[in-house]
Number of protein chains: 2
Amino acid sequence: MTEPLDQFDRNILDIVQRDCQMKAEAVGEMIGLSASAVQRRLKRMREEGIISAEIAVVDRKVAGNPMTFIAGMEIERENYDALAKFRTWVDKQDHIQQVYYVTGSVDLVAIITAQDVGQYDEITAQIMSQNPQIKRIHTNVVLKSVKLGMFVPTQS
Amino acid sequence: MTEPLDQFDRNILDIVQRDCQMKAEAVGEMIGLSASAVQRRLKRMREEGIISAEIAVVDRKVAGNPMTFIAGMEIERENYDALAKFRTWVDKQDHIQQVYYVTGSVDLVAIITAQDVGQYDEITAQIMSQNPQIKRIHTNVVLKSVKLGMFVPTQS
DNA sequence: ATGCACAACGCGGAATTTGCGCGCAAGCGC
DNA sequence: GCGCTTGCGCGCAAATTCCGCGTTGTGCAT
């Protein structure tokens, strides 16, 4: 289905993961390929889902959500499709950036942005009330975002 | 410095946060603005840093890093610039996607991608050896990424 | 095994099309 | 009336498509 990436693909991904608006010609110069070849490969990787999205990263403070919280949640493990239901629900919650289903003392870890603690409180209240399978929420307040990003290494 | 966003700006950000390759004309149609106006606003928001980056999101599995870990770390709190040093170091570590400095039972929370547990072990070993101020690491293995993204709500 | 013909693939470059980036005059709000 | 921002038009840069070529790999006959 999706055959392995060659070195050119990896180099292209390394670049567009940092700046996806770069001109194909500039990319081609960096990696030793023509502009049309770069565009062909980009198109292919987009179609195959290797590049799943191309997104703008917006400053949290300017957007009015200066605060970040990390919420660890306990869920009913037995009920497996509780997780599926939670997934569809959480997809629509814009303040919940990321959710991971994990091993350990909590079952779910969520990265949540909010305007202030009051709004965060409202969000957690909604999580609890609209998802009875969530038993408890442990909150960590983020004092500083040391590093942010979605970069994935491609070089083996 | 950076005056507040109006409704047009917010609508543009909502769109480009999901797809930053969309044509300005298409964006303009959605929000009721001409293409050139959209481009002007995008340029301004890029220059002001409201849009801090535009990046391609790459599939983790295809990139050869199918596993994700959430690492909670304990650090020497007294030494404040220990955090600054850690920041500069961690910026260069491609496998460490995100790092948050938090309140609670741990001081730092990191999202880390790896090929397998063996590679993750190497990464944590490097963290410990190259950052003596890190005292201990608590690892949570991610069984499933329920939601991923960097979306920030802009509508108040 | 060796040599050859041929199909498949991906490249670079040219031609075409598309979208961007400016200047400008008009319109809206303060 | 004075900003500021919009919409429009034009020139140009970039993306897309098309085409010819070289390389690779496969099958077949020698």
Side-chain angles (χ1 to χ4, degrees), chain A residues 1-59 61-64 150-156, chain B residues 1-59 61-64 150-156:
Chain A
M1 180 101 283
T2 158
E3 63 278 359
L5 309 170
D6 66 10
Q7 195 57 44
F8 285 129
D9 289 331
R10 284 186 228 277
N11 290 339
I12 291 172
L13 289 177
D14 271 6
I15 293 169
V16 295
Q17 276 192 94
R18 295 189 170 86
D19 180 6
C20 68
Q21 302 285 13
M22 186 169 289
K23 317 293 177 193
E25 193 185 349
V27 177
E29 264 180 48
M30 299 175 88
I31 66 172
L33 220 54
S34 74
S36 55
V38 172
Q39 279 159 352
R40 264 193 301 265
R41 284 165 179 270
L42 279 173
K43 184 185 176 189
R44 196 198 69 230
M45 291 192 282
R46 280 192 265 250
E47 286 169 352
E48 291 180 0
I50 296 168
I51 294 174
S52 60
E54 284 159 280
I55 62 171
V57 180
V58 173
D59 185 282
K61 289 166 199 122
V62 180
M150 293 260 92
F151 189 88
V152 183
T154 57
Q155 313 288 347
S156 48
Chain B
M1 178 103 283
T2 159
E3 63 280 357
L5 309 170
D6 66 8
Q7 195 57 44
F8 284 130
D9 288 332
R10 285 186 228 275
N11 290 339
I12 292 172
L13 289 177
D14 271 3
I15 293 168
V16 296
Q17 276 193 92
R18 295 189 169 88
D19 180 6
C20 68
Q21 302 284 17
M22 186 168 289
K23 316 298 178 192
E25 192 185 348
V27 176
E29 265 179 48
M30 298 174 90
I31 65 172
L33 220 53
S34 76
S36 55
V38 172
Q39 287 178 108
R40 269 190 296 261
R41 285 165 180 270
L42 279 172
K43 184 187 176 189
R44 196 197 71 231
M45 291 193 280
R46 280 192 265 252
E47 286 169 353
E48 290 180 1
I50 298 168
I51 295 175
S52 60
E54 285 160 278
I55 63 171
V57 180
V58 173
D59 185 283
K61 288 168 198 120
V62 180
M150 292 262 91
F151 189 88
V152 182
T154 58
Q155 313 289 348
S156 46

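Chain letters run A, B, ... following the sequence lines, proteins first and then strands; every chain starts at 1. Note that this is a predicted model, so its numbers are computed, not measured.
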What's the [atom1]-[atom2] distance between [X] and [N], to the nearest Å?
| X | N | atom1 | atom2 | result |
| --- | --- | --- | --- | --- |
| Gln21(B) | dT18(C) | CD | P | 18 Å |
| Met22(A) | dA13(D) | CE | P | 19 Å |
| Glu25(A) | dA15(D) | CD | P | 9 Å |
| Gln39(A) | dG10(C) | CD | P | 17 Å |
| Lys23(B) | dT16(D) | NZ | C1' | 10 Å |
| Gln7(A) | dC11(C) | CD | P | 14 Å |

(Q) Looking at Glu25(B), I want to see if its CD is surrounded by more than 12 non-hydrogen atoms of other residues, nucleotides or ligands under 6.0 Å. (A)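 No, the 6.0 Å shell around CD holds no more than 12 heavy atoms from other groups.
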Q | Syn/anti label of dG3(D) as read from its glycosidic torsion, with the cut at 90° from 0 | A |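 dG3(D): syn.
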**Q.** Under 3.5 Å donor-acceptor, Gln155(A) side chain and Asp14(A) backbone
**A.**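 Not confirmed, Gln155(A) side chain does not pair with Asp14(A) backbone.
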Q) Counting distance only, does the side-chain N/O of Glu54(A) pair as donor-acceptor with the main-chain N or O of Arg46(A) below 3.5 Å? A)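 Not at all, since once roles are kept as given, no pair shorter than 3.5 Å links the two residues.
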Q | Relative orientation of the end axes in the helix from dA1(C)-dT30(D) to dG27(C)-dC4(D), expressed as an angle to the nearest 10° (five pairs per end) | A |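 Both end axes considered, the difference amounts to 30°.
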Residue pair [X] / [Y], side-chain heavy-atom distance below 4.5 Å:
| X | Y | answer |
| --- | --- | --- |
| Val62(B) | Met45(A) | no |
| Ile50(B) | Leu13(B) | yes |
| Met30(B) | Val38(B) | no |
| Gln39(B) | Lys43(B) | no |

Q: State the CZ-CG distance between Arg44(A) and Leu5(A), to the nearest 0.5 angstrom.
A: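 It is 7.5 Å, given to the nearest 0.5 Å.
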Q | Gap between atom CD1 of Ile12(B) and atom CD1 of Ile31(B) - 0.5 Å precision | A |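 Here the interatomic distance stands at 4.0 Å.
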Q.
Can you see if the side chain of Lys43(A) gets near the phosphate of dA15(D) - specifically, an N or O under 4.0 Å from OP1 or OP2?
A.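 No.
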Polar-atom pairs under 3.5 Å, protein N or O versus N or O of nucleotides 5-8 of chain D: list them with distances, or write none.
residue	atom	partner	partner atom	Å
dT6(D)	OP1	Arg41(B)	NE	2.6
dT6(D)	OP1	Arg41(B)	NH2	2.5
dG7(D)	OP2	Ser34(B)	N	2.8
dG7(D)	OP2	Ser34(B)	OG	2.7
dG7(D)	N7	Arg40(B)	NH2	3.1
dC8(D)	N4	Ser36(B)	OG	3.1

